[in-house]
Visitor: 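Here it is, the structure in full.
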Number of protein chains: 2
Amino acid sequence: MKCESQKTSSPIAEKPRKPKFRRRAEARPDEVLDAALELFTKRGFSRTTVDQVAKRAGLSKGSVYLYFPSKKALLAGLVRRAVVPVANMALGVIADYRGDPRPVIRQLVGMLASNMNDPKVFAVPKLVIREAVGAPEIAQMYREEVLDRALPAMTRLIAQGVEGGHIRKVDPELTIRSILGPLMMHLVMAEVFSIKPEGGLALDRLADNHLTILFAGLEPEEARL
Amino acid sequence: MKCESQKTSSPIAEKPRKPKFRRRAEARPDEVLDAALELFTKRGFSRTTVDQVAKRAGLSKGSVYLYFPSKKALLAGLVRRAVVPVANMALGVIADYRGDPRPVIRQLVGMLASNMNDPKVFAVPKLVIREAVGAPEIAQMYREEVLDRALPAMTRLIAQGVEGGHIRKVDPELTIRSILGPLMMHLVMAEVFSIKPEGGLALDRLADNHLTILFAGLEPEEARL
DNA sequence: ACTAAATAACTGACCGGTCAGTTACTTACA
DNA sequence: TGTAAGTAACTGACCGGTCAGTTATTTAGT
């Protein structure tokens, strides 16, 4: 690995008083990643050539290898760049909340749903799922940096809700699938099969419908006891 | 397209009185597809060579082209072979059922969950999702032959349940995501990221947990009125 | 002997990665 | 201010390898 993207340039001089002579790079890795994201998303990883990425980023193939040691490193860089904010978002919302988890879940689902409208944001997870077989190390990175942080937090949130008697006695780990699965399926249907509800993506309606069922389903069953 | 696979060979003689043993064709297309399924599943479409498929099926690359006009035709043949039974299964269960949809949903989810244990069955949908970008015509075939038949039937099932007052007033089309999404997410997490609940895939526990929440969530809200 | 089945060798295009060379900028010095 | 020296940034032709698809030939069943 050589660089991967690091925005550490300030116009003001630093301490070593030998700024040498920076040329006009620095923004380049990010530009390359932008181009790669666009092409990988549109045509898939293996059907995109490094040359195409270079052209789109406005430089030559050789220069791409100045910044990234391999084609796969492009994918890795892409994931890494998108990964931190997403994971942090989820964790920030959940934090160490205590009480009825439903407001937090509503917020989380709402955030995800609204993000799904922005292709830039969700292109990376889609890419990861699609290319995980050919590049297992990418899947693992994604897992380590996103899932292994976000899922335990969600599990805790739900478990805590169950213990506090705020929601039905469900399996916290499995219930995560019930919370996020419908969103994922919606995404897959729309992206892979172009199956959308009548009026566009309708993500707000989806979130509404889903949360209505989910929250009613999570209602504790005290009436039965 | 030349053949695509057709299992019309029975050990008992047919009408043309030719029980002799054909050199060794007839079963070949299916053997090739079996090999292709295995390799495509394990290594992805583009990273699998036709030669590898041929070797695994016990013949030469040239022979593969005797049965299939192109590499993509292998994928198409795979989809077509798996598609009819799946779609029929779903439609058979739903039929033109009237009444509370929940028993039917339970049966459907149960069938899907139990099928997910068999890699042979779910390898094809997984493949389709993964390769849909590089081979849109495959995705479309899958859509036309499976989804466009199964989804409307499910929509009808739910709509009918709403009208009959058996379940809450939900959006039938969107509720499909709430029914099947958790299963899909479970599959993706397990297959792509190797994230499984403690004790294996736990598909029955997943189905249980999911249906508990779902059915409670679908309960009509007469108490509120 | 005839023919369908099967093959192995071949071809041509493609692509990831390399590297010798060029360009454009910075600095040093007059 | 001008210019020579120095170098990071960049280029694009090229190499080695791979692979989908073709074809000339061999093999085996009748």
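Here is how names work: the chains are called A, B, and so on, in the same order as the sequence lines, proteins then strands, and each is numbered from 1.
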Visitor: For dA20(D), does the base pair up with any side-chain atom of Lys61(B) as donor and acceptor (N or O, under 3.5 Å, distance only)?
Guide: yes
Visitor: In whole Å, I'd like the distance from the CG atom of Leu66(B) to the P atom of dA5(C).
Guide: 7 Å
Visitor: If I take atom CG in residue Asp51(A) and atom P in nucleotide dA13(D), what distance separates them, rounded to the nearest angstrom?
Guide: 10 Å
Visitor: Report the distance from atom CZ of Arg47(A) to atom P of dC19(D), rounded to the nearest whole Å.
Guide: 16 Å
Visitor: Between dA20(D) atom C1' and Leu74(B) atom CG, what is the distance in whole Å?
Guide: 11 Å
Visitor: Any salt bridge between Arg177(A) and Asp171(A), counting N to O under 4.0 Å?
Guide: no
Visitor: Rounding to an integer number of Å, can you tell me how far Phe45(A) CZ sits from dC15(C) P?
Guide: 13 Å
Visitor: Specify the separation, in whole Å, of atom OH of Tyr65(A) and atom C1' of dA20(C).
Guide: 18 Å
Visitor: Give Thr48(A) one of three labels, base, sugar-phosphate or nothing, depending on what nucleic acid heavy atoms sit under 4.0 Å from its own.
Guide: sugar-phosphate
Visitor: Just verifying a value: how many Å separate Met116(A) CE and Met184(A) CE, rounded to the nearest 0.5 Å?
Guide: 9.5 Å
Visitor: Could you state the atom-to-atom distance from OH of Tyr67(B) to C1' of dA20(D) in whole Å?
Guide: 19 Å
Visitor: Would you mind telling me which residue lines up with the more 5' stretch of DNA chain C, Val50(A) or Gly62(A), judged by nearest nucleotide?
Guide: Val50(A)
Visitor: Can you give the donor-acceptor pairs under 3.5 Å from side chains of residues 193-203 of chain A to other protein atoms, not counting sequence neighbours?
Guide:
none

Visitor: Any idea which of dA8(C), dG16(C), dC19(D) is nearest the Thr49(B) side chain?
Guide: dC19(D)
Visitor: Find the distance Lys72(A):NZ to dG16(C):P and express it as a whole number of Å.
Guide: 13 Å
Visitor: Could you please name the option among dT7(C), dC10(D), dG17(C) that lies closest to any side-chain atom of Ser60(B)?
Guide: dT7(C)
Visitor: Kindly determine whether Asp30(B) and Arg81(B) satisfy side chain to side chain contact (heavy atoms under 4.5 Å, CB included), including the steps that lead there.
Guide: CA-CA 9 Å; Asp30(B) 261 298; Arg81(B) 187 174 67 162; 2.7 Å; yes
